[in-house]
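Naming convention: chains lettered A, B, ... in sequence-line order (proteins, then strands); numbering from 1 in each chain. For the numbers below, each heavy atom of this structure counts, side chains included, while hydrogens, waters and symmetry mates do not.
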2 protein chains.
Amino acid sequence: MRQTVDLSCSPPADAQQALARAETLCQQRGARLTDLRRRVLEIIWNSATPLGAYTILDVLRDDGRQGAPPTVYRALDFLLAQGLIHRLASLNVFTGCRRPGSYHSGQFLICRDCGRVSELSNPAIDELLRAETDARGFEVLAPIVEILGRCPDCLEESARHG
Amino acid sequence: MRQTVDLSCSPPADAQQALARAETLCQQRGARLTDLRRRVLEIIWNSATPLGAYTILDVLRDDGRQGAPPTVYRALDFLLAQGLIHRLASLNVFTGCRRPGSYHSGQFLICRDCGRVSELSNPAIDELLRAETDARGFEVLAPIVEILGRCPDCLEESARHG
DNA sequence: TAATAAATGTTATTCTATAACATAACAGAG
DNA sequence: CTCTGTTATGTTATAGAATAACATTTATTA
């Protein structure tokens with residue numbers, strides 16, 4: 001069964017702000033934030049949890065749009081290239097970037113229970129990784145840091161009940 | 001086209017040692033390292049680079065064994081549970097664990113060009129991540145640290161030629 | 001407006017992973 | 001040793017993620 005979209009905790013304000021920011025950035029860069037790409041970004045931001053490509057496709061189809069997997073993946077590729085979203089490799093899902101503008105790879109805390117994601121940016125972690133790779137003469141292209149676990153809310157929840 | 005198995009840099013000695021170690025650990029734990037599971041572990045260790053599940057399946061079939069995807073995935077699940085291999089989420093591949101016995105999640109440097117992987121274990125990185133998650137009341141289940149980049153050999157190679 | 005480039009539509013396929021159920025191998029109790 | 005329950009493996013089918021290849025449309029600019 002396909003993932004459903006949970007809007008419970010991502011206020012539209014966030015989405016609107018993110019879209020406005022994206023608009024500005026793309027304009028500055030001469031990148032074309034088309035209807036489709038904007039809509040995909042909006043779908044991602046409207047969701048409380050990261051979405052898979054096929055879930056996004058379902059929403060597009062609900063919009064009445066035509067679409068096949070490449071439709072979504074191409075839009076996602078664009079948004080990734082612009083640093084407007086991140087891909088979580090461990091779950092094959094996509095989430096809006098909280099700090100677009102400065103390209104970065106991000107560090108993520110992913111809750112196993114509710115699926116929500118926090119994006120950290122701890123420079124010390126970056127520096128340590130950098131030191132480690134420098135020492136080995138390894139050139140970094142894409143660092144991936146994804147911590148799967150349980151968020152405070154879900155911990156408390158499971159403490160109260162079962 | 002399916003991945004092919006490159007034996008060029010993983011001396012059989014490593015594999016033999018890893019298998020012996022696995023044997024011992026499983027015996028201590030009362031876990032059953034069956035023919036199939038041992039063979040899958042051996043296939044992984046005999047390869048210079050991490051292997052995908054379907055590549056492993058191909059090798060099993062070359063052995064003359066019967067097999068379907070679940071055959072491989074079940075063996076991999078066992079080896080993962082025993083901490084004898086790691087899964088690299090960013091590439092959907094599996095690699096032998098260099099320090100089995102102490103369950104750990106590992107930090108990996110993955111070369112984009114040659115596909116080889118170095119497993120780090122920098123306690124400082126673990127500690128930083130731990131501090132960050134503790135501060136947020138987030139319970140860690142599975143930290144994933146995978147750095148995609150280019151290894152020294154491939155950097156030198158590309159400096160000499162193209 | 002014509003020529004070019006960029007974006008999207010469309011069909012098919014590849015790769016990754018698991019569900020569900022059948023059969024076989026094994027370990028311990030009697 | 002045999003029965004019995006458990007664990008492991010065989011087997012078929014399907015779900016889920018991603019891309020290849022080519023057609024068509026939309027935008028840009030010369």
task = Go through the structure and list residues passing side-chain hydrogen bond (donor to acceptor under 3.5 Å, both in side chains) with A:Gln107, not counting sequence neighbours.
result = A:Asp126
ask   = Any side-chain donor paired with an acceptor under 3.5 Å for B:His104 and B:Glu119?
value = yes
query = Which residues, if any, of residues 28-49 of chain B bring a heavy atom under 4.0 Å of DNA chain C?
reply = B:Arg32
request  = Please list, by residue number, the residues of residues 55-70 of chain B whose heavy atoms come closer than 4.0 Å to an atom of DNA chain C; answer none if no residue qualifies.
outcome  = B:Pro69, B:Pro70
inquiry  = Can you list, by chain and residue number, the hydrophobic cluster partners of B:Leu141 when the side-chain cut-off is 4.5 Å?
reply    = none
remark   = Across all chains, not counting sequence neighbours, the side-chain hydrogen bond (donor to acceptor under 3.5 Å, both in side chains) partners of A:Ser105 are none
task = Output the rest of the hydrophobic cluster of B:Tyr103: all Ile, Leu, Val, Met, Phe, Trp and Tyr residues reachable through side-chain heavy-atom contacts under 4.5 Å, sorted by chain and number.
result = none
remark   = A:Asp77 atom CG is separated from D:dT19 atom C1', nearest whole Å, by 10 Å
query = Can you pull the salt bridge (charged side-chain N to carboxylate O under 4.0 Å, His left out) pairs that have at least one residue in residues 6-18 of chain B, sequence neighbours excluded?
reply = B:Asp6-B:Arg116
message = Among residues at least two apart in sequence or on other chains, which ones pass salt bridge (Lys or Arg N to Asp or Glu O under 4.0 Å) with B:Asp63?
response = B:Arg39
ask   = Could one point to a donor on the side chain of A:Tyr54 or the base of D:dA15 with an acceptor on the other under 3.5 Å away?
value = no
ask   = For residues 86-107 of chain A, which residue pairs qualify under salt bridge (charged side-chain N to carboxylate O under 4.0 Å, His left out), counting only residues two or more places apart or in two chains?
value = none
query = Can you name the side-chain contact (heavy atoms from CB on, under 4.5 Å) partners of B:Arg38, sequence neighbours left out?
reply = B:Leu19, B:Glu23, B:Leu33, B:Asp35
query = Does the side chain of B:Phe78 reach to within under 4.5 Å of the side chain of B:Cys26, using non-hydrogen atoms?
reply = yes
remark   = What residues 79-92 of chain A contributes to the DNA chain D interface at heavy-atom separation below 4.0 Å is A:Arg87, A:Asn92
note = Among the nucleotides D:dA21, C:dC21, D:dA18, whichever has the atom closest to the side chain of B:Arg74 is C:dC21
request  = Sequence neighbours left out, what passes side-chain hydrogen bond (donor to acceptor under 3.5 Å, both in side chains) with B:Thr133? Give chain and number order.
outcome  = none
task = In whole angstrom, give the distance that lies between atom CG of B:Leu51 and atom C1' of C:dC15.
result = 15 Å
query = Are B:Tyr73 and C:dA17 close enough that a side-chain N or O sits under 4.0 Å from OP1 or OP2?
reply = yes
